[in-house]
Every structure is written in structure tokens, then in C-alpha cells.
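Treat the numbers as computed from the prediction; the structure is a model and nothing was measured.
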Amino acid sequence: MANKIVKIKTKLDPSIPLAELYVKNIFFTYIDDNFKEINYCRADLTRHLMLLKAMEYDLGKRLLRFEDLIDAIPHNVCSRSHKVHCINDLCEREIFERRENPNDKRSTIIAPSKKTSDQYLRLYNLYKTTILLYEFKK
């Protein structure tokens, strides 16, 4: 499946009940302890971008090298040292895991831990279900 970027509508119709429900669910996920690791990443832009990139590669069954993750975050977001610090912190907190690269022993693979991956998929399914239920009721 090719990567596809969907254009987002710039105006939100507040008369649609879905908008309120969706925002309620977003609010809920920020305060729910079931999303502790995800929320830790959301609290800092660099960590959040790293989580998204790690999940993208993990769900796409691709290997994300340490240096590729560093390069994926734009230079105008933060410094290289902050990126390295964030990766080390996320690995220490067991939000990410370091794995040996089977193709190149000189590099390290960064991947979300099983717990983080499970949380992210629950979060995704919550948002997806909210939208599908609304579409089904139409």
C-alpha cells in the first residue's frame, strides 16, 4: 500500500456531534493512566515525533536505525544532543527498545516496546471506533 496523505478539512462543523465526542475522547486519553507511556511522549514534541516515527516503522514492519530516527526529526525542532537524550530516556523508561541490527552489526535498531505498541494501538482503535460508530449511526 502506497503512502497516502489525506488533506484535512480546515473548518470543523460544530453542529456535528462527532466533533464533540472525538475531542472528549482525545481529552480522556490525555488523563487516562492506561496511556501513561504514550502521554509521556506527548508531553514533549521531540519525544512525540519519535514515537510516531517508531510506530510508523514498526507497523510497516521496517527497521528504524538509531541514526535514521535522529535524522527523521527536523533540525529546527531540537538539537542532535536533545534527540540522543530523548532516545536514551525512552529506552531507559522501556518505552523504546534497542535491538541488534541483523543486517549491520555496527548500528542499533530502535523500536517501540510491546507495552507502548499495545497502548498506541488501543489509542488508535479508540479514535477509529469513535468515527466508525458515528458514520454507522448516520
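Considering every non-hydrogen atom in both N101 and D104, the closest pair reads CB-O, 3.1 Å. Y57 approaches L63 most closely through the heavy-atom pair CD2-O, 3.5 Å. The two residues A43 and R47 come nearest to each other via the heavy atoms CB-NH2, 3.6 Å.
Ionic pairing of K114 and D118 is present here: one or more N-O contacts between side-chain nitrogen and carboxylate oxygen are shorter than 4.0 angstrom. A salt bridge does not link E94 with K115: every distance from a Lys NZ or Arg NE/NH1/NH2 to an Asp or Glu carboxylate oxygen is 4.0 Å or more.
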Worksheet entry | Step-by-step side chain to side chain donor-acceptor pair (under 3.5 Å) determination, N39 to R42 | CA-CA 5 Å; N39 288 334; R42 286 174 165 178; 3.0 Å; yes
Item to complete: Would you please test R80 and E67 for salt bridge (charged side-chain N to carboxylate O under 4.0 Å, His left out) and show each step?
Response: CA-CA 10 Å; R80 177 180 171 77; E67 285 301 319; 2.9 Å; yes
Practice prompt. Dump the intermediate steps for side-chain contact (heavy atoms from CB on, under 4.5 Å) on R98 and I109, then the final yes or no.
Written response: CA-CA 6 Å; R98 282 188 173 89; I109 300 299; over 6 Å; no
Practice prompt. Please step through side-chain contact (heavy atoms from CB on, under 4.5 Å) for the pair H82 and T46, ending with a clear verdict.
Written response: CA-CA 8 Å; H82 182 64; T46 304; 3.4 Å; yes
Worksheet item: Is there a side-chain contact (heavy atoms from CB on, under 4.5 Å) between L59 and Y124 once you walk through the steps?
Response: CA-CA 12 Å; L59 293 170; Y124 167 77; over 6 Å; no
Item to complete: Apply side-chain contact (heavy atoms from CB on, under 4.5 Å) to the pair C78 and K83, showing each step before the final yes or no.
Response: CA-CA 7 Å; C78 64; K83 295 174 197 177; 3.4 Å; yes
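Taking the six-membered ring where tryptophan is involved, the planes of F28 and F35 are perpendicular, since the angle between them exceeds 60° and thus also 30°.
Annotation: the span from L69 atom CG to L64 atom CG amounts to 5.0 Å, rounded to 0.5 Å. Separation of atoms CZ (F96) and OG (S113) is listed at 9.0 Å; rounding is to 0.5 Å. Note that CD1 of I38 and CG of D32 are 12.0 Å apart. Values are rounded to the nearest 0.5 Å. The OG atom of S117 sits 12.0 Å away from atom CD of E37, with the distance rounded to the nearest 0.5 Å. With rounding to the nearest 0.5 angstrom, the OH atom of Y22 is 9.0 Å from the CG atom of L126. Summarising the geometry, atom NZ belonging to K128 is positioned 13.5 Å from atom CG belonging to L123; distances are rounded to the nearest 0.5 Å.
In this structure H85 satisfies the side-chain contact (heavy atoms from CB on, under 4.5 Å) test with no other residue, sequence neighbours excluded. Annotation: side chain to side chain donor-acceptor pair (under 3.5 Å) contacts of K53 (sequence neighbours excluded): E56. The side chain to side chain donor-acceptor pair (under 3.5 Å) test applied to K61 returns no partner, not counting sequence neighbours.
Counted by atom type alone, Y40 and D89 present one or more donor-acceptor pairs between their side chains at under 3.5 Å.
In this structure a side-chain-to-backbone donor-acceptor pair under 3.5 Å is present from R122 to N34. Side-chain N or O atoms of D58 include none that pairs as donor or acceptor with a backbone N or O of A54 at under 3.5 Å.
I26 and L51 fall within a single hydrophobic cluster, where Ile, Leu, Val, Met, Phe, Trp and Tyr side chains are chained together by heavy-atom contacts under 4.5 Å. The cluster map of Ile, Leu, Val, Met, Phe, Trp and Tyr, joined by side-chain heavy atoms under 4.5 Å apart, puts I70 and I73 in the same cluster.
M50 is not listed as a side-chain neighbour of C41, based on a closest heavy-atom distance of 4.5 Å or more. Here the side chains of L90 and T116 are not in contact, with every heavy-atom distance at 4.5 Å or above. D44 places a side-chain heavy atom less than 4.5 Å from the side chain of C86.
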